[in-house]
Structure formats: structure tokens, C-alpha cells
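What follows is a single structure, written as C-alpha cells, with notes after it.
The sequence lines fix the lettering, A, B, ..., with proteins before strands; numbering per chain opens at 1.
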Amino acid sequence: AQSVTQLGSHVSVSEGALVLLRCNYSSSVPPYLFWYVQYPNQGLQLLLKYTTGATLVKGINGFEAEFKKSETSFHLTKPSAHMSDAAEYFCAVSAPGTASKLTFGTGTRLQVTL
Amino acid sequence: GAGVSQSPSNKVTEKGKDVELRCDPISGHTALYWYRQSLGQGLEFLIYFQGNSAPDKSGLPSDRFSAERTGGSVSTLTIQRTQQEDSAVYLCASSSRLAGLRETQYFGPGTRLLVL
């Protein structure tokens, strides 16, 4: 069984400030981990993923995340927020395999202010 | 097409009516998933199809929900005797058969269902 916890349903940052969105997971097997972004009235877009190998993964739009097994975390960061980053962000976990359902966190809504 | 497409984009129905939601996956993708996104429950897995294998229906909330995938491509999610709690955005996703890409799901824009 797997689960995801995203701390903070709403996060507000100033433009140019660091973005940190937290994600912790629980999994009985080595997980695959994902961050998706959802803009208003749109579907989910993959930002980045961790499967195996390097624990620091870089994604689109300047985002990156680090898999920390000891902390069961996969926090999403971006050094400098842009207004266009305002959206809802979902962390998700799946079990390794050829195809596997995603278990999502409850999401974090990121607000970027001037 | 270039991405996953879903139709209709919006559906309003009356309680007790049946609805059908359609998903066209990315061409060549062998796996297809349905999820539901609602205010109270967040993003929930409903069902997935993988090639010719029996589908994983473990996420379907009741026997009013069913889905089929014809010819290994298009999928239809059917909700019978709709209830107000079925109001949600229904998202479809697909993934590739290619090694290194199988774990990545690509999502459609969703169908927003409102049951009055």
C-alpha cells in the first residue's frame, strides 16, 4: 500500500523567492515518485519524476526535486518563483512495474505575489 | 492526435440518468487509466487497462461505474443512475509500452460532470 502526504494545502511566495512544496510518501516497495502541475481548467502536466538512479531530478520550468529515502521525502523546489508558476501541484507515487496506478497527495495550491 | 483527448469537456445531467465519458489515448499507448478529481476526495484512481490483460477495477466506487476499452484504444467510462456525489472532473491518462516511459502517465483535459 502507498500513500502521499503534502504538507500545506496553500503556499504563497513572492515573485523571485524560493519555492518549496513538501511531499512525504509511504510505500512498502521502492517507489516511483512524480510531481504534476495543474493549471486552472486543465489536465495534469508532468513536471518531473524519479524512478531509479540520481536522486536529484530536474524537470521542466526550472523545478527540481530530491528523493531522500531516509526521510521518505520528495520535496519540490524552484530557486526563483515566477507569476506563471501559480497553479496546483500534486505529488504522486506508484509501485515499480510496467504500468501502475498513481496514488496522489491532496495537492498544494501555489500563489505567487508581486 | 498529439495528446490524450476526452469528450465531452463538460456534462450536465439530472440525477438518475446514465452518462458516458469518452477517452482517446495517445496513439500506440497500451495502458489507459481513469481518475476522478473531486473537492471532497482529491484525485482518486478508478480503473486501468493494460493491453489485453484484465482491467484493474479496484478503484471503482460502486457497481454503477463501469468502463470498457474497445480495440485496445478508445475507452468509455459509464456511470449509471448518476448521483449528486458523482459530480467531479473525470481524468483519463495513458502511458507508453516503451521501456523507460511506461511509468509516465499523460493526462487529458478531463470531463467536468455536474449532476443536478
Side-chain angles (χ1 to χ4, degrees), chain A residues 1-10 21 23 25 27 29-54 57-60 65 67 74 87-109, chain B residues 2-7 9-10 23-26 29-60 69 72 89-112:
Chain A
Q2 298 162 312
S3 65
V4 175
T5 301
Q6 290 184 244
L7 293 176
S9 58
H10 289 84
L21 304 183
C23 172
Y25 69 90
S27 178
V29 296
Y32 287 171
L33 294 158
F34 307 81
W35 276 99
Y36 281 86
V37 61
Q38 186 176 36
Y39 298 101
N41 298 315
Q42 295 187 26
L44 297 168
Q45 180 182 4
L46 180 69
L47 275 178
L48 48 79
K49 65 181 180 184
Y50 168 80
T51 54
T52 59
V57 292
K58 296 186 184 296
I60 62 172
F67 169 58
F74 191 57
E88 188 146 23
Y89 292 80
F90 292 92
C91 182
V93 63
S94 72
T98 56
S100 181
K101 63 186 180 185
L102 291 169
T103 300
F104 287 90
T106 51
T108 297
R109 184 166 298 279
Chain B
V4 177
S5 60
Q6 294 186 244
S7 60
S9 54
N10 291 279
C23 172
D24 282 89
I26 293 172
H29 280 196
T30 55
L32 185 148
Y33 310 77
W34 284 98
Y35 295 86
R36 178 170 71 174
Q37 184 175 24
S38 57
L39 283 176
Q41 303 297 324
L43 270 159
E44 307 171 277
F45 163 78
L46 296 177
I47 184 171
Y48 96 80
F49 299 87
Q50 169 66 344
N52 295 321
S53 302
D56 176 351
K57 304 179 181 180
S58 60
L60 294 178
R69 189 178 185 191
V89 177
Y90 290 81
L91 293 167
C92 177
S94 68
S95 65
S96 172
R97 73 183 72 182
L98 299 176
L101 295 176
R102 293 171 188 154
E103 68 280 351
T104 300
Q105 297 180 28
Y106 297 88
F107 283 80
T111 293
R112 189 174 300 273

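A/Gln6 is linked by a side chain to side chain donor-acceptor pair (under 3.5 Å) to A/Thr108, counting only residues two or more places apart in sequence or in another chain. Remark: B/Lys57 engages no residue in a salt bridge (Lys or Arg N to Asp or Glu O under 4.0 Å) (not counting sequence neighbours).
Remark: the backbone N or O of A/Leu102 is paired with a side-chain donor or acceptor of B/Tyr35 at under 3.5 angstrom. The closest donor-acceptor contact from the side chain of B/Glu44 to the backbone of A/Phe104 lies at 3.5 Å or more, if one exists at all.
Heavy atoms of A/Thr51 lying under 4.5 Å from chain B belong exclusively to its side chain. Using a 4.5 Å cut-off between heavy atoms, A/Gln38 touches chain B through its side chain atoms alone. Looking at B/Gln6, neither its backbone nor its side chain comes within 4.5 Å of chain A, counting heavy atoms on both sides. When heavy atoms are compared at a cutoff of 4.5 Å, B/Leu43 approaches chain A by way of both its backbone and its side chain.
Heavy-atom contacts from other residues, nucleotides or ligands closer than 6.0 Å to CD1 of A/Ile60 number more than 12.
In terms of heavy-atom proximity, A/Lys101 sits nearest to B/Ser58 at NZ-OG, 3.5 Å.
If you take OG1 on B/Thr104 and OH on A/Tyr32, they are separated by 10.0 Å, rounding to the nearest 0.5 Å. In this structure, CG in A/Leu46 is found 7.0 Å from OH in B/Tyr106, a value given to the nearest 0.5 Å.
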